[in-house]
Amino acid sequence: MNKEKRTEIFTRFQQANPEPKTELEYTTPFELLAAVLLSAQATDKGVNIATRKLFAVANTPAAIAALGVEGVEQYIKTIGLFRSKAKHLVQTAEILRDKHNGEVPADRDALESLPGVGRKTANVVLNTAFGQPTMAVDTHIFRISNRTGIAPGKDVLQVEKRLLKLVPPEFMLNAHHWLILHGRYVCKARKPECTRCSIVDLCEFKKKTI
DNA sequence: ATCCCGAGGG
DNA sequence: CCCTCTGGAT
C-alpha cells in the first residue's frame with residue numbers, strides 16, 4: 001500500500017471520529033493500568049463491569065495490595081484468566097506502592113518489569129495515560145494491519161515497527177484507537193462488514209461478497 | 001509452543 | 001458447538 005492511500009485512510013478515520021479514546025473506564029493512570037492488565041483476552045465491556053465494582057472498593061496500589069489476591073478475585077471472577085490476573089494485579093500494586101511512591105511510571109522498562117504487564121500493555125499506558133506516540137498491537141490491530149495492507153507483518157512486533165514507520169506522524173497518537181475501533185465494530189475477525197466499511201475502496205482485502 | 005479462562009456471538 | 005475478545009508468563 002502506498003503513502004497516499006494510508007493518508008486517505010487515516011484522514012477518513014479522523015473525520016468520522018476526531019477524538020477517539022479507549023472504551024475502558026478509568027479515572028487515574030493506575031486505574032488505566034489495572035484495566036488494561038485485566039483486559040487481556042477479554043472484552044472491554046466485561047472488564048468495565050468488573051472494574052466498576054473493584055475500583056469502588058480499591059483504586060490505588062495500596063488499597064489493591066491490601067485487598068489481596070483472593071479479595072481481588074471476588075470482583076473479577078467474570079473475566080477470563082481471572083486467577084492469574086488477580087495475582088499479577090496485586091503483585092504490581094505492591095511494587096508500585098513500595099518502589100514507585102504509589103505512582104504509575106511513565107517509563108517502558110519500569111512498566112514492563114511489572115507482573116502481568118508486557119509490551120502491549122505498556123504501550124497502551126504510555127499512549128493513553130502519558131500521550132506518547134506508541135503503537136500497542138493487539139489482536140485487532142494485528143488483523144487490520146495485515147488484512148487491509150496498511151502495515152503487514154508476520155508477528156505483532158513487526159507490525160508495531162511498520163506502523164510506527166508507515167502511519168503519517170500527524171495521525172500517530174490516535175491511530176491506535178482508530179484501528180481498534182475499526183476492528184471491533186467493522187472489520188471484525190469472523191465476519192468483516194465490508195458493505196458498511198468506510199475504507200473498502202482503499203483496502204487490499206476486498207471481500208468478494210460486496 | 002502451551003497454558004490460563006469466562007462471557008458473548010454466530 | 002466453536003470462535004473471539006485491546007496478552008503475558010512459563
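Naming: A, B, ... by sequence-line order, numbering from 1 per chain.
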**Asked** Nearest of B:dG9, C:dT6, C:dC5 to any side-chain atom of A:Arg190?
**Response** B:dG9
**Request:** For residues A:Lys120 and A:Ser39, determine if any side-chain heavy atom of one lies less than 4.5 Å from a side-chain heavy atom of the other.
**Result:** yes
**Nearest-0.5 Å distance, CG of residue A:Asn146 to CD of residue A:Gln158** = 8.5 Å
**Request:** Quick one: sort the A:Phe10 and A:Phe171 rings into parallel, tilted or perpendicular, breaks at 30° and 60°.
**Result:** parallel
**Spatial distance of atom CD (A:Glu103) from atom OG1 (A:Thr28) [nearest 0.5 Å]** = 9.5 Å
**Request:** Can you tell me, in whole Å, how much space there is between the P of B:dA7 and that of C:dG8?
**Result:** 22 Å
**Fill in**
Residues of residues 57-90 of chain A with a heavy atom under 4.0 Å from any atom of DNA chain B, listed by number, are A:Lys77, A:Thr78, A:Ile79, A:Gly80, A:Leu81, A:Phe82, A:Arg83
**Interatomic distance where CG belongs to A:Leu181 and C1' belongs to C:dT6 [whole Å]** = 10 Å
**Item:** Interatomic distance, A:Leu54 atom CG to A:Asn59 atom CG [nearest 0.5 angstrom]
**Value:** 8.5 Å
**Item:** Near-strand residues of residues 122-137 of chain A, defined as heavy-atom separation under 4.0 angstrom from DNA chain C
**Value:** A:Val124
**Prompt:** Roughly, in whole Å, what's the span from CD1 in A:Ile180 to C1' in C:dC5?
**Reply:** 11 Å
**Request:** Could you say whether A:Lys45 or A:Gln41 is positioned toward the 5' end of DNA chain B, judged by the nucleotide with the nearest heavy atom to each?
**Result:** A:Gln41
**Prompt:** How many Å lie between CD on A:Glu160 and C1' on C:dG7, as a whole number?
**Reply:** 14 Å
**Message:** Between C:dT6 and A:Thr22, counting only base atoms on the nucleotide and side-chain atoms on the residue, is there a donor-acceptor pair under 3.5 Å?
**Reply:** yes
**Prompt:** Checking all strands, does A:Val36 fall into the base, sugar-phosphate, or nothing category for heavy-atom contacts under 4.0 angstrom?
**Reply:** nothing
**Message:** Both A:Gly116 and A:Asp44 contact DNA chain C. Taking the nearest nucleotide for each, which residue is further toward the 5' end?
**Reply:** A:Asp44
**Message:** Distance check needed: C:dC3 C1' versus A:His140 NE2, whole Å only.
**Reply:** 13 Å
**Message:** Rounded to whole Å, how long is the line connecting atom NZ of A:Lys188 with atom P of C:dT4?
**Reply:** 13 Å
**Request:** Determine the contact category for A:Gly46: base if any of its heavy atoms lies under 4.0 Å from a base atom, sugar-phosphate if only primed atoms, P, OP1 or OP2 are that close, otherwise nothing.
**Result:** nothing
**Request:** Give a yes/no answer on whether the side chain of A:Thr139 brings an N or O atom under 4.0 Å of OP1 or OP2 in C:dT6.
**Result:** no
**Request:** With P as the reference atom in both, quote the distance from C:dT6 to B:dC4 in angstrom, rounded to an integer.
**Result:** 22 Å
**Item:** From A:Leu202 atom CG to A:Arg6 atom CZ, the distance as rounded to the nearest 0.5 Å
**Value:** 11.5 Å
**Message:** Just so I know, are the side chains of A:Leu24 and A:Thr51 near enough to count as touching, which here means a heavy-atom distance under 4.5 Å?
**Reply:** no
**Request:** Output yes when A:Glu73 and A:Lys85 qualify as a salt bridge under the 4.0 Å nitrogen-oxygen rule, no when they do not.
**Result:** no
**Message:** If the cut-off is 4.0 Å, is A:Arg184 near the phosphate of C:dT6, judged by side-chain N/O to OP1 or OP2?
**Reply:** yes
**Prompt:** What is the nucleic acid contact for A:Leu179, judged by heavy atoms within less than 4.0 Å: base, sugar-phosphate only, or nothing?
**Reply:** nothing
**Asked** Whole-Å distance between C:dA9 C1' and A:Glu112 CD?
**Response** 13 Å
